[in-house]
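In what follows, every chain begins at residue 1, and chains take the letters A, B, ... in the order their sequences are listed. Heavy atoms only: backbone and side chains are in, while hydrogens, waters and symmetry mates are out.
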Amino acid sequence: MPEGHTIHRLAAHHHAVLGGAQVVATSPQGRFTAGAARLTGATLAATEAYGKHLLHHYQGGPGGGILHVHLGLYGTVADGPGQPPAPVGQIRLRLVGGPAATADGSPAGGPPATAGVAARQHWLDLRGPAACELLTEAEADALRDRLGADPLRDDADPDTAGGRIRRSARPLGALLLDQTIVAGVGLVYATEVLFRAGIAPTTPGRRLTADQWQRIWADLVTLMRIGVRRGRIDTVRDEHLPEAMGRAPRNDRHGGEVYVYRRAGQPCLCCGATVAAGVLAARNTYWCPTCQPG
DNA sequence: CAGATATGACAAC
DNA sequence: TTGTCCTATCTGG
């Protein structure tokens with residue numbers, strides 16, 4: 001699940017269901033005991049996504065702080081109304097009071113709960129994360145400073161990212177995954193955006209023109225915004241969708257329609273050539289030898 | 001039911 | 001480059 005679109009989606013959702021409310025935090029596995037104690041009684045003031053990093057800003061209570069979560073390869077966050085299921089996650093946040101969520105699911109702002117406001121019950125479980133820790137403001141600044149341009153953030157600086165890419169001899173398939181250059185792009189988006197650009201993942205960054213980078217960046221912004229909306233990665237143009245081509249829709253756990261990601265050995269949706277697979281910088285990569293000439 | 005694998009990242013060679 | 005983290009899911013026997 002977790003490329004940048006997933007994290008941005010979670011940040012917005014968590015603000016909608018827990019924003020402005022006091023929380024009770026527990027550490028069922030005992031790996032976040034001190035952090036949970038500092039969060040309990042604090043109020044979730046804001047949520048933020050930067051690349052694949054999720055930040056919860058807590059104020060008040062016994063100290064508050066910035067909860068930093070990175071899901072890594074297989075971390076998940078689940079949440080829901082009412083009583084939580086059996087405590088198994090690394091961290092659990094339980095809403096104990098706050099303004100009622102708006103009907104359309106938009107962020108519930110306003111002050112914390114006051115007497116007479118019906119308390120919501122909402123739980124959140126974090127399981128299998130690569131990182132779950134409390135940061136200071138300075139540490140959060142340092143985290144943002146070491147991340148590159150996030151196509152889903154308004155403050156992104158694609159020119160700096162493009163400059164670094166176009167001065168590098170490393171292959172584009174690795175450069176797009178370098179979170180200090182571009183933040184939030186993972187294997188699926190990197191693989192697919194290069195297919196859509198008609199550029200092989202082995203191409204050195206310095207062979208990319210400024211115009212090509214501009215188009216790749218714009219495509220990432222477009223694709224990842226769709227990903228946030230739909231909660232899945234779709235990169236296939238209308239004319240190559242299953243309905244348009246009379247083929248069966250993709251039906252694996254990812255769900256999205258893609259051109260080459262994990263389609264090794266299958267025919268390219270554009271030209272029919274066999275999709276190739278390889279390993280680049282310790283990550284799987286896929287491409288069409290015809291549509292993406294090296 | 002054991003083993004492989006996964007949209008990730010980092011430390012240690 | 002390889003190993004490790006650590007969870008869920010899918011595969012083959």
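- Less than 4.0 Å separates DNA chain B from at least one heavy atom of each of the following residues of residues 170-195 of chain A: A:Gln179, A:Gly186, A:Leu187, A:Val188.
- The CG-C1' distance, from A:Leu126 to C:dT7, rounds to 12 Å in whole Å.
- Protein atom CD of A:Glu133 is 18 Å distant from nucleotide atom P of C:dC5, rounded to whole Å.
- Comparing atom distances between the A:Arg146 side chain and each of C:dT7, B:dC10, B:dA6 picks out B:dC10 as nearest.
- Side-chain atoms of A:Tyr261 lie closest to B:dA6 of the nucleotides B:dA6, C:dT2, C:dT7.
- One can place CG of A:Leu73 at 13 Å from P of C:dT7, the figure rounded to the nearest angstrom.
- The one candidate from A:Leu67, A:Val69, A:Asp79 that meets the side-chain contact (heavy atoms from CB on, under 4.5 Å) condition with A:Leu126 is A:Val69.
- A:Tyr286 places its OH atom 10 Å from the C1' atom of B:dT5, with the value rounded to the nearest Å.
- Comparing C:dG13 with B:dT5, their P atoms are spaced 14 Å from each other, to the whole Å.
- In this structure, A:Leu280 atom CG and C:dT2 atom P are separated by 14 Å, rounded to whole Å.
- Ion pairing between a basic and an acidic side chain is recognised when a charged N comes within 4.0 Å of a carboxylate O; A:Arg127 and A:Asp125 show no such pairing.
- One finds a salt bridge joining A:Asp211 and A:Arg215 here, because a Lys/Arg side-chain nitrogen approaches an Asp/Glu carboxylate oxygen to under 4.0 Å.
- The heavy-atom pair separating A:Trp287 from A:Ala277 by the smallest distance is CZ3-C, 3.7 Å.
- Classified by interplanar angle (parallel below 30°, tilted 30° to 60°, perpendicular above 60°), the ring pair A:Tyr189/A:His5 is perpendicular.
- Between A:Tyr259 and A:Cys268, every side-chain heavy-atom pair lies at or beyond the 4.5 Å cut-off.
- The nearest whole Å value for the distance from the CG atom in A:Leu147 to the C1' atom in B:dC10 is 14 Å.
- Considering only side-chain N and O atoms, A:Arg262 lies nowhere under 4.0 angstrom from the phosphate OP1 or OP2 of C:dC10.
- In this structure, A:His70 atom NE2 and C:dC5 atom P are separated by 18 Å, rounded to whole Å.
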* To do: Take A:Glu48 and A:Arg153 through the salt bridge (Lys or Arg N to Asp or Glu O under 4.0 Å) test and state the conclusion after the steps.
  => CA-CA 10 Å; A:Glu48 176 184 0; A:Arg153 281 180 71 105; 3.1 Å; yes
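- Looking at heavy-atom distances under 4.0 Å, A:Ala130 makes no contact with the nucleic acid at all.
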